[in-house]
Structure formats: C-alpha cells, structure tokens
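Contents: one structure, followed by commentary.
A note on names: the letters A, B, ... follow the listed sequences, proteins ahead of strands, and every chain is numbered from 1.
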Number of protein chains: 2
Amino acid sequence: MNPNVLPRTRAARKPFEVRRAEIVRKAASFFAQFGFDATTRDLASWLGTTQPLMYRYFPSKNALVEEIYQSIFVGAWKREWDGMLTDRARPLRERLVEFYDQYTNVIMQPEWMRLYLFAGLRGVEITGLYIARVEERIIRPVMLEMAAEHGTVVTPENEARLLELAWSLQGGIFYYGVRKYVYGTAVHQEKRQVIEAAVEIYTSAWPKA
Amino acid sequence: MNPNVLPRTRAARKPFEVRRAEIVRKAASFFAQFGFDATTRDLASWLGTTQPLMYRYFPSKNALVEEIYQSIFVGAWKREWDGMLTDRARPLRERLVEFYDQYTNVIMQPEWMRLYLFAGLRGVEITGLYIARVEERIIRPVMLEMAAEHGTVVTPENEARLLELAWSLQGGIFYYGVRKYVYGTAVHQEKRQVIEAAVEIYTSAWPKA
DNA sequence: GTTATTATTTATCGTGCGATAAAGCTAGGG
DNA sequence: CCCTAGCTTTATCGCACGATAAATAATAAC
C-alpha cells in the first residue's frame, strides 16, 4: 500500500532532457538540505514523482550525485570574473569588493555552501580540485595585486606568507556564510558590508616586506 | 556467518565506566571520519568489539551521538582561556596570538573540526549554542579589547560592524583549519604563523571610528 | 483514429541497517 | 574450586534502503 495519505496524481509527462535537468536541479536542493545519505524515496517525493523514475535517467544514486557535484563545482565559475581582479585601471579595493560581492552572490547561498561542505566531509575528490582552482584564480591574483599595489616584491621566501594572508581574507568572508547558512545563526551585518570591511582591513594593513 | 576473515578474539572484559568512556572517545573519532550515518557494525569493528555491546551502554545510536556532541562542544572550553584575552597587563597582539594559538590547539584537529561541521549540517541544536558562546567568550572580548586599544568608542551604531570585524579574524583563522582538515589540501604555512599574520593585520588596521 | 513509443507507476527483490533476546564466557567472592 | 554477577557474543527480528522487472498510461507519428 502506498504510504501517502492522498492518492498521488500521476506526474506530468515530460521530454527526457527536461525531466532529467529538473531532477538534477531539484535533487541538488534536496541533498543540500538533507545530506547525500537522504533516501531516493524521499527525493522522489520531493520531486513529486516516484522512486524508480530516477533510474530511467541515472544508472544509480551515485551517478546522480556525481552530476550534482559537476553542476555545482564546475559550473559555478563565471567568465567575467577572470579579468576582474587584475584590471589595474580600477582601484584595487574597488576590484576586490566587486569581485567578492559577485563571487559570493553565487557561492554564498545555502545550497552551494552546504553541498560544498557535505562533499568536502565525504572526501569527494572534486572539492580538492575546486580549492586548487580557487587558489589559482582568486588567491594568487589577489596576492599578486596586493603586492603590486604596495610595492611588495614576491619572492620564494615570502610567497607562502602572502598566499596565506590572501587566504585569510577569503576565509574571513567565507566563514560569514558558514555562520549564516550552515549554522543558521544571526549575523550582524549584510554581506556587502562585511566584504567591504574585510577588504579595507587587508588593503590598508598589507605588509611592505 | 561472521564476515570477518580472522576469528575475533573475545574482547577484554572491562568495568562498566571504563568501557563506556572508551566507546564515547573512540566513537567520536570514528564518526568524525565517516560521518554520523556510518553504521554501528562498523563502529563495533573499529572498537574491536561486537555491535550489540554498544546497546548495553547506550539505549540507542542517537544517545551515543548526543553524548559525543556534549563531550566535544561543551567540554572543549578551558578555564584558563577566560581571562586571557582581557589581561591588559600584556600587549594586545601577544594576548590574541597566544589565545588563538591555544584555542586552535584544541579545535583545529580533524576530529573536532569535522564533527563540528557534520553536526552543523545536521542542524544539531548544540552547534548554534556553541557559536553563541563563541561570540560571548571570544568575539565580543576581542572586539572590546581591540576598541580599547585603539581608543574606539563602542556604540550601538558601530557595534555590529566591530563584531563582524572580529568574526572576520576568527573566520580567517578557522578556514585555514577547514582547508587542512576537511578538504585535506596543502597549506603554505604553519598554524602559528597564520595566526600571527592575521592578528598583525587586524591589530594594525583596526578602524578608529 | 489507430498504433508505436516511451514516460511513469506498481510490485518486488536482496541487502544491510538499528535494535533485541538469549546464550556464553570471565572475573571476583566465598 | 565453585558459583554467581554481569560483561560479551551469537542469532535474529522488522524495516527501509537501492535497484530491477513488469505493467500502465500519455504523447507522438501516421
């Protein structure tokens, strides 16, 4: 017997690719809330369909999960961010604030943040690759621009220190999102203000040597 | 049939409280690695005992998990930290570096960090309480000491901004641990150096107003 | 309008889970 | 040395999980 109290109305018939894309999108939101150990039956109920339907579109639960990883971690980066940090026609602080404002508009959402942490805790390989890419695309450019702005010469000796300093800026911003979207605690300011304050601190106190 | 290849030797008989404490301690380490959805059978194998043994000491898996939460989140704070940040006989930077050095000696370990995030993602109530306590015991004192050092008057208008600034410092340090212990990526400096650099940035660039 | 196609559902399988009951074994008291 | 208390194990239950097969129904082609 079907455990649902109300008899389900048959799900609307949809073209293969439409349904498939819908499953990936909604399943991401579902797993972000309940973790990847949530069941395919609950997922189907969330989708408004039945459990075996998923297996027409994905060979296994894990195949679906892998596709969610791809959509989140590979699809997150936007083309226009690439030159944003290094455009020296604009003041550095302005570049940093605008970049982090836009970048966090994408990643600082409950879905993205939670999936990122769920996947990290699971030891999913792609999260390590994601961090490596963040270092090359964000941390290192930020560090180099900071150094250029302050006349700091980057050497093999101080590179590690300067990279970690740029990571600290990133971490200070990121943890704001963790508090808000993972732990659900009250924060005291809006995202934009937090970014501005953190960027201000780092640009004004960047070490000369 | 027992799936173990080698026939288990019977577990050494131990007094109730000894075995019980051992289960909590080792189970914390086990769940930190594999998440709270790991099975009680695997846990028993990890403990070197059998699965039903756990039920002599805890009425359910969840009761054991709750006890692990308590031991981690309530038992983490050390008495001597309480006056450390506010001891104005010492230079502020020195206080901050020493506090964060010692505090991170406790929390910046794979076990603590992973359980903290696992629990947070599960929506476990105690993590919200933990963050509230961190704000009262660390963030607010840090903010007030910073303000006092720089002659900043804390008002209802700027309090939110100053609190978030102190959170940024904490977040910058914390995220270093996330990278290292959750994502397993290479970091460029030792913890102590990262703390020193972050504290240096924040103490030298703290806003006057 | 009939038929072919395929999206969707119902029914079910084997497995592994948390939990319980009962049997087995070991240390300490007499 | 035996007996008993209680720690530990074996055996097992009911259930929910991922996955598959077969039946059903809605769309598309002609």
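- Between the C1' atom of dA22(D) and the CG atom of Leu53(A) lies a distance of 16 Å, rounded to the nearest Å.
- Here dG18(D) is the nucleotide among dT9(D), dG18(D), dA7(C) with the atom lying nearest to any side-chain atom of Lys61(A).
- Using a 4.0 Å cut-off between charged nitrogen and carboxylate oxygen, Glu145(B) and Arg93(B) do not count as a salt-bridge pair.
- At least one donor-acceptor pair closer than 3.5 Å links the side chain of Arg95(A) to the backbone N or O of Arg90(A).
- As judged by a 4.0 angstrom heavy-atom cut-off over every strand, Tyr57(B) is placed among residues touching the sugar-phosphate backbone only.
- Between the side chain of Arg41(A) and the base of dG18(D) there is at least one donor-acceptor pair of N/O atoms closer than 3.5 Å.
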- Note on the structure: Protein-proximity profile, nucleotides 20-30 of chain C, B/S/- by nucleotide at the 4.0 Å heavy-atom cutoff, equals BBB-BSBS---

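- Contacts between residues 118-127 of chain A and DNA chain D, defined by a heavy-atom separation below 4.0 Å, involve no residue at all.
- Between Asp42(B) atom CG and dG16(C) atom C1' there is a gap of 10 Å when expressed in whole angstrom units.
- The pair Asp37(B)-Arg122(B) meets the salt-bridge criterion, with a side-chain N (NZ, NE, NH1 or NH2) lying under 4.0 Å from an Asp/Glu carboxylate O.
- Both tests pass for Arg179(A) against the ring of Trp167(B): distance under 6.0 Å to the centre and angle within 45° of the axis.
- No side-chain donor from either of Glu66(B) and Gln70(B) sits under 3.5 Å from a side-chain acceptor of the other.
- Geometrically, Arg137(B) does not engage Trp81(B) in a cation-pi contact, judged by NZ or CZ lying under 6.0 Å from the ring centre and within 45° of the ring axis.
- Between the CG atom of Leu64(B) and the P atom of dG18(C) there is a distance of 11 Å, rounded to whole Å.
- Within the 3.5 Å criterion, the main-chain N or O of Trp46(B) finds no donor-acceptor partner in the side chain of Lys26(B).
- At a non-hydrogen distance threshold of 4.0 Å, nothing from residues 17-26 of chain B comes into contact with DNA chain C.
- Near DNA chain D, meaning a heavy atom under 4.0 Å from it, residues 32-39 of chain A has Ala38(A), Thr39(A) in order of number.
- Look at CG on Leu47(A): it is 11 Å from P on dT9(C), rounded to the nearest Å.
- Here the straight-line distance linking atom CD1 of Ile138(A) with atom OH of Tyr100(A) works out to 5.5 Å at 0.5 Å rounding.
- For the pair Phe16(B) CZ and dT8(D) P, the computed distance is 10 Å after rounding to whole Å.
- Counting only distance, with no hydrogens or angles, the side chain of Tyr130(A) and the backbone of Val74(A) share no donor-acceptor pair below 3.5 Å.
- Residues satisfying the side-chain contact (heavy atoms from CB on, under 4.5 Å) test with Leu129(B), not counting sequence neighbours, are none.
- For the pair Arg25(B) and Glu22(B), the salt-bridge criterion is not met [side-chain N within less than 4.0 Å of a carboxylate O].
- Listed by first and then second residue, the salt bridge (charged side-chain N to carboxylate O under 4.0 Å, His left out) pairs involving residues 43-61 of chain B amount to none (not counting sequence neighbours).
- Between the side chains of His188(A) and Gln193(A), not a single donor N or O lies within less than 3.5 Å of an accepting N or O.
- Contact annotation: Thr40(B) side-chain N/O to dG18(C) OP1/OP2 distance is under 4.0 Å.
- Between dT8(C) and Thr50(A), no contact under 4.0 Å exists linking OP1 or OP2 to a side-chain N or O.
- Arg140(A) places no side-chain N or O within donor-acceptor distance of the main-chain N or O of Glu135(A), the cut-off being under 3.5 Å.
- For the pair Met54(A) CE and dA19(D) P, the interatomic distance rounds to 6 Å; values are reported in whole Å.
- At the heavy-atom level, Ala44(A) lies nowhere under 4.0 Å from the strands shown.
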